[in-house]
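Below is one structure, written out as structure tokens; comments come after it.
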Amino acid sequence: MNVRIRSRPLETYPTAGHPPGALFHVGYETSRVTFPGRFREGSHEPEGLRMNIGDLLADPGLALALAVRGDLDAPIEWVHAIDRYPASEFMSGGEVALTSGQWWPATSADEYVRDLAEARVLALGFGLTSTITELPTELVEACERYGLTFFLVPLEVPFIRVIKSFVQAQRRVWERPLRRHLDYYSTFVAALREDRSLGSMLESLSSGLGARIGLVADRETFGVDGTDGLHPIPLLSEGVIDAELYSEVDPARFSVEQEAVLSVGVPFIALEIERIRSVRRAVDGYTRELFTWLRSGEHDEVSVLARLRSLGVEGVEDLAVAAVWNADPEAVLLATRRAAGLHAAAARFDDAVLVCVSGGDVLDRLVAGLPPSASAGIGSAGGPDRLRLSLIQAEHALALARRDGPGTVVGADDLNSPSTVLYSQASELMRETGSALLRPLRDYDESRGGQLLQTLEVFLRTGGRWSIAASELYIHPNTLRHRVQIIEQITGRSLDSTRDRTDFDIALELAAQSGP
């Protein structure tokens, strides 16, 4: 084929069976055009989001020859074969136009190319035919003048093949999010086979999104040190309450691919949160059952050890029970998980949180990590045979700690008063008996505006020392003696009797515990 054109090289992309210059053998030197980095090794999939001019020219199945080099990095919106003038009526910008020159010579090359340039067409491909065998030099010059890339399409390459090359490349681009979604799903599942934990899931999700991701669930934070400056991603849509993901990138700016990655990770994370919650509910039930056994005394050492091992508590020689009260019991459970981990079993029981701990160092960490507003009682440590005693001591110690106010911790060594233990074990019969003993004094005070109950409490607390008691009550010692006589007359008891004093002391303590 003879193609008349100014003496200039035509750049071709040589392929098997088409050595350089074979298609346009016109005696000019040809050069190979390559576009490094545009295609992956062994693949036609573009690295960018869309095929560009250089990618199209580099397709080895087309053997296109470059005549005028424009912007080869410009992304292609479409490839359109058109021989009508003006072609701009069918263009919207960003196209590659293919023509066989049927508009020429009725329309000049300058008019045709200027129309394409004004329509923001990127490149023009010229296909030689059996009737048009000479390339208009004016067309080359017009493309140079208006900055359009210009290339030749071999005679044996129909325009439809060029269009299909673009469409196939675009299809790979369109499929890319789906393929990445499927690839990421496989990668995520493979990672879970190695380590099924929230930490592993968050790490995989962060890697897929290209952004650091954290999680806050049940007051615990995973994957990040804090959430300041991060953007929340609620998990309510996944059926998980009180849990949020946090991203260092605003989710509103996520690309389609990032949203696809998120849609893979979120269900797994939601399921793992629910699994952890289900396990905790089961553990909570088993732990409360353990403390029920210990309280009732209806247990054997083998059963207790088996239950402790099932709860993850392995130590058997240094066991102790801690009883903790706090207005927010969940904060105590969280502190226990952080400080003791698998070395403790904790559960809410009545109005306190009971914790069975293995190891003195773990117990120290637990106490140090409690909320400042918590009060705690600690039982003595020992083997499983002493665990019931440790529970009783812890609950008695907690009663004392709560009387002294928030932040108080009372240990088993502090339980050195038998009467204190007696008060804490008081039955309803004891409370009713104490109330009956004090009722005449209470009725006297209410009917006459007296202060017999206060006088009795101060007199007993000061050890029956008349002057000290009278001074605290701001009355004369003789007035105190008169009040004591009235107390003895009304109740039929003698404050000189140690036994009667003990009865009065117990009755007053039980009344104080019951409140007004």
Side-chain angles (χ1 to χ4, degrees), residues 197-199 214-227 235 240-244 269-270 272-295 304 307-315 318-379 381 387 390-391 393-395 397-399 401-402 405-411:
S197 68
L198 285 175
L215 170 70
V216 175
D218 301 328
R219 306 189 190 185
E220 293 188 77
T221 302
F222 305 87
V224 292
D225 295 330
T227 58
L235 292 178
V240 178
I241 301 175
D242 297 330
E244 279 188 320
I269 292 173
E272 182 62 12
I273 292 173
E274 285 305 305
R275 187 190 69 81
I276 291 173
R277 287 175 174 173
S278 296
V279 170
R280 284 179 181 170
R281 285 192 292 268
V283 169
D284 181 75
Y286 288 139
T287 305
R288 282 188 283 110
E289 190 175 38
L290 170 66
F291 288 124
T292 299
W293 291 350
L294 294 176
R295 267 189 176 180
V304 169
R307 177 56 55 89
L308 288 174
R309 290 194 179 98
S310 70
L311 295 172
V313 181
E314 294 293 341
D318 199 14
L319 298 170
V321 174
V324 185
W325 182 90
N326 190 53
D328 182 6
E330 289 300 322
V332 175
L333 292 172
L334 176 58
T336 301
R337 289 196 295 269
R338 288 175 174 172
L342 296 177
H343 298 282
R348 297 176 63 174
F349 206 102
D350 294 336
D351 64 342
V353 174
L354 298 182
V355 189
C356 182
V357 179
S358 173
D361 56 333
V362 179
L363 182 60
D364 292 341
R365 290 201 306 269
L366 170 63
V367 173
L370 290 175
S373 58
S375 301
I378 310 298
L387 201 52
S390 183
L391 171 61
Q393 291 172 332
E395 292 186 316
L398 176 60
R402 293 186 64 178
T408 303
V409 177
V410 176

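For reference, positions follow the sequence shown, starting with 1. As the structure is a computational prediction, the values presented were derived from the model and not from experiment.
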>> Is the shortest side-chain heavy-atom distance between Arg337 and Glu220 below 4.5 Å?
In response: yes

> Can you tell me how far CZ of Phe349 sits from CD of Glu289, rounded to the nearest 0.5 angstrom?
Replying inline: 10.5 Å

> side chain to side chain contact (heavy atoms under 4.5 Å, CB included) with Asp328: which residues, sequence neighbours excluded?
Replying inline: Arg219, Asn326, Glu330, Ala331

> Going from CG on Asp361 to CG on Leu366, what distance comes out if it is rounded to the nearest 0.5 angstrom?
Replying inline: 11.5 Å

> Any idea which heavy atoms bring Ser375 and Gly405 closest together, and the distance?
Replying inline: OG-O, 3.3 Å

>> The test is side-chain contact (heavy atoms from CB on, under 4.5 Å); show your working for Arg280 and Asp218 and say whether it passes.
In response: CA-CA 11 Å; Arg280 284 179 181 170; Asp218 301 328; 3.9 Å; yes

>> Between Leu387 and Leu391, is there a side-chain heavy-atom distance shorter than 4.5 Å?
In response: no

>> Working to the nearest 0.5 angstrom, can you tell me the gap between Thr292 OG1 and Leu354 CG?
In response: 9.5 Å

> Which heavy-atom pair separates Arg277 from Ala243 by the least distance, and what is that distance?
Replying inline: NH2-CB, 4.3 Å

> Can you name the closest pair of heavy atoms from Val313 and Cys356 and give their distance?
Replying inline: CG2-O, 4.4 Å

> Is it true that atom CG of Asp225 has more than 12 heavy atoms of other residues, nucleotides or ligands lying nearer than 6.0 Å?
Replying inline: no

>> To the nearest 0.5 Å, what is the distance between OG1 on Thr408 and CZ on Arg402?
In response: 11.5 Å

> What residue among Val367, Val355, Val357 forms side chain to side chain contact (heavy atoms under 4.5 Å, CB included) with Val362?
Replying inline: Val357

> Do Ser278 and Arg281 meet the criterion of a side-chain donor-acceptor pair at a distance under 3.5 Å?
Replying inline: yes

>> Let's go through Leu398 and Val410 carefully: what are the C-alpha distance in whole Å and the side-chain angles of both, what is the deciding distance for side-chain contact (heavy atoms from CB on, under 4.5 Å) to 0.1 Å, and is it a yes or a no?
In response: CA-CA 7 Å; Leu398 176 60; Val410 176; over 6 Å; no

> If you round to the nearest 0.5 Å, how far is CZ of Phe291 from CD of Glu395?
Replying inline: 9.0 Å

> What is the minimum heavy-atom distance between Asp284 and Ala346, and which atoms define it?
Replying inline: OD1-O, 4.4 Å

> Ignoring hydrogens and geometry, is there a side-chain-to-backbone donor-acceptor pair from Arg348 to Val353 under 3.5 Å?
Replying inline: no

> Given the rule in the side-chain contact (heavy atoms from CB on, under 4.5 Å) test, do Leu198 and Ile273 qualify, once you have shown the distances and angles that lead to the verdict?
Replying inline: CA-CA 8 Å; Leu198 285 175; Ile273 292 173; 4.2 Å; yes

> How close do Ala320 and Gly379 get, heavy atom to heavy atom, and via which atoms?
Replying inline: CB-O, 3.8 Å

>> Using the rule given for side-chain contact (heavy atoms from CB on, under 4.5 Å), can you reason through Trp325 versus Val332, listing the C-alpha separation, both sets of side-chain angles and the distance that settles it, and then say yes or no?
In response: CA-CA 8 Å; Trp325 182 90; Val332 175; over 6 Å; no

>> Quick check for you: to the nearest 0.5 Å, what is the distance between Thr287 atom OG1 and Leu333 atom CG?
In response: 9.5 Å

> Going by heavy atoms in the side chains, are Ile378 and Val409 under 4.5 Å from each other?
Replying inline: yes

>> Side chains of Val324 and Thr336, heavy atoms from C-beta outward: is any pair under 4.5 Å?
In response: no

>> Under a 3.5 Å distance rule, please check whether Asp318 uses its side chain to pair with a backbone N or O of Gly360 as donor and acceptor.
In response: yes

>> Using every non-hydrogen atom in the two residues, find where Arg307 and Tyr286 come nearest and quote the distance to one decimal.
In response: NH1-O, 3.1 Å

>> I'd like to check Val224 versus Leu215 (side-chain heavy atoms, cut-off strictly below 4.5 Å). Are they in contact?
In response: no

